[in-house]
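Only one structure is covered here, and it is reproduced in the block below.
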Amino acid sequence: MRTAPMCFSIFRVPRCRIHTLTNFWESFHSLGRDYGNTLQFRMLSSKSSGIEGGYSKRWTRRPITTKSEGNKTTQSSKPSQIYDESFNLKISASNTVNVNKTEINEIQRTQCFDIRQKIAEDKELAKLVTLIVFDIETTGFSRELERIIEIALLDLHGGKNSMFQTLVNPDKYVPNAHVHGISTDMVCRPDVPRMEELIPILKQYIKSREKPGGFVVFVAHNARSFDVPFLAKEFSRCCEKIPPNWLFLDTLPLAREMVKSGGLKLTSGLSLQALREYYGIPSTGSAHRAMSDVKLLSLILQRLTFDLKLPISGLVQKTFAASDLNTSKKKSSS
DNA sequence: GGCCCTCTTTAGGGCCTT
């Protein structure tokens, strides 16, 4: 009998210990100095007594009561509430009715820009950042024609439930199983959630990892050109919006920056695997499976940020919002 | 598709993502 391939489980999260974000970031970078050829990812996904927190005041992760069992999904809160509450938006109902979609995108874009500006001016705000490395597997490269079939996330603060991964039912044939090993039979099943079922769960999971009033930085390799537009397209198909307190960081430009500064001498390109080989990170798990790539990118991120001497505030300065992509698309097509 | 580089910008090729 085959078991359901859905891998995530979300339970009540215990009160977190108090650590400063500085401590977290120093610990994060110390891995880059110390790990050598040994994977020490366990420290990143440590128990609640490990690397955790980064907040100036005591807080408690909000419990998640959402459960997903096969194709049965229940939620403890309305998805429509998540959008506004996550960013403490104070836009009245009448305002949202009166502005058109372009104006809403502009408001979101401006707010994200303001966040990055404010962090540049006030480093204390960097303590409100939740860093999450993520990766998606898809049925192909075209976000118009293809679908997401796997999502994996890792909250770098660690603690319980710091990992989230699930297969996604694309409702279509998977032509590239030879790439990631995910076949049509594995995902086109009634017990594998579709995106429309998964998005509210995903939002709630992210909300449980946020600091109160804070924001989330999602990190992926080639995020600007692939992962984020793909994710945004899936949200759009489901008539969902990416919360405005979600920012995105692409590690590909960071690698280019390292090459440009002479700190990275790569002859085999800037792919995830090329960076893995350069940094001497052992190959573990299946390449092109979402969580394996997430764990690998976590290690590469710590090396890149350490080598570039990037504090979190500097990292946030390099982020972009999903609405930024819409803006650039308009510009290029006009 | 977006970004970067160059034998460039009035362009095109290559890389990166699955």
Side-chain angles (χ1 to χ4, degrees), chain A residues 5 109 132-154 165-188 192 195 218-237 242 247-279 285-298 300-301 304 308 318-334:
Chain A
R109 190 190 66 77
I132 290 181
V133 176
F134 81 106
D135 188 43
I136 59 173
E137 303 302 323
T138 70
T139 56
F141 290 121
S142 168
R143 59 179 179 266
E144 298 295 333
L145 304 174
E146 309 297 347
R147 294 290 188 277
I148 291 175
I149 51 174
E150 188 178 38
I151 296 179
L153 302 94
L154 173 66
Q165 72 177 102
T166 181
L167 293 174
V168 183
N169 187 339
D171 275 329
K172 76 185 288 285
Y173 172 68
V174 180
N176 56 347
H178 61 283
V179 173
H180 36 56
I182 301 171
S183 65
T184 306
D185 289 344
M186 289 170 67
V187 289
C188 290
V192 174
M195 276 306 291
F218 292 86
V219 184
H221 200 58
N222 204 23
R224 181 179 285 275
S225 301
F226 184 74
D227 298 79
V228 179
F230 225 112
L231 198 63
K233 185 65 183 178
E234 292 280 20
F235 269 62
S236 173
R237 281 196 192 99
I242 291 180
L247 299 175
F248 299 93
L249 177 73
D250 191 344
T251 49
L252 187 55
L254 294 185
R256 288 195 184 109
E257 198 175 327
M258 278 296 296
V259 170
K260 209 170 180 179
S261 67
L264 199 58
K265 295 178 175 59
L266 276 173
T267 56
S268 53
L270 293 172
S271 69
L272 211 53
Q273 292 307 315
L275 291 168
R276 179 188 66 74
E277 288 173 13
Y278 177 81
Y279 282 127
S286 306
H288 287 304
R289 281 304 295 262
M291 188 50 86
S292 293
D293 286 352
V294 161
K295 290 176 179 177
L296 173 58
L297 184 58
S298 300
I300 290 171
L301 175 68
L304 285 173
L308 288 168
K318 296 180 182 297
T319 63
F320 60 94
S323 52
D324 292 341
L325 298 178
N326 295 335
T327 303
S328 60
K329 192 175 180 181
K330 279 177 204 164
K331 283 178 182 174
S332 62
S333 61
S334 61

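Remember, predicted model here, so these are calculated numbers, not experimental data.
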*Between A:Arg256 and A:Ser271, who's closer to the 5' end of DNA chain B by nearest nucleotide?*
A:Arg256
_In whole Å, measure the gap between the P atoms of B:dG12 and B:dT18 for me._
29 Å
*asked:* Give me the distance, rounded to whole Å, that separates B:dC7 from B:dC15 when you measure between the P atoms they each carry.
replied: 16 Å
*Give one of base, sugar-phosphate or nothing for A:Asp250, where a contact means two heavy atoms less than 4.0 Å apart.*
nothing
_Set of residues satisfying side-chain hydrogen bond (donor to acceptor under 3.5 Å, both in side chains) with respect to A:Arg256, sequence neighbours excluded_ = none
*Can you tell me how far P of B:dC4 sits from CE of A:Met258, to the nearest Å?*
17 Å
*Ring centroids of A:Phe226 and B:dT18 base under 5.5 Å with planes under 30°*: no
*Separation of B:dT18 C1' from A:Phe134 CZ (nearest whole Å)*: 14 Å
_Categorize A:His288 for me: base, sugar-phosphate, or nothing, with a 4.0 angstrom heavy-atom threshold over every strand shown._
base
*asked:* Taking B:dT17 as the reference, what is the distance to B:dA11 when you measure between their P atoms (whole Å, please)?
replied: 28 Å
*Classify the side chain of A:Asp227 versus the base of B:dT17 as yes if they form a donor-acceptor pair under 3.5 Å and no if they do not.*
no
*When you get a sec, tell me which of B:dT17, B:dG2, B:dC5 is the closest nucleotide to the side chain of A:Arg143?*
B:dG2
*Once you round it to whole Å, what is the distance between C1' of B:dG1 and CZ of A:Arg224?*
12 Å
*Does A:Tyr278 have any ring-ring contact (aromatic ring centres under 6.0 Å, His included) partners at least two apart in sequence or in another chain, and if so, which?*
none
*When you compare B:dC3 with B:dT8, how far apart are their P atoms, in angstrom units rounded to a whole number?*
22 Å
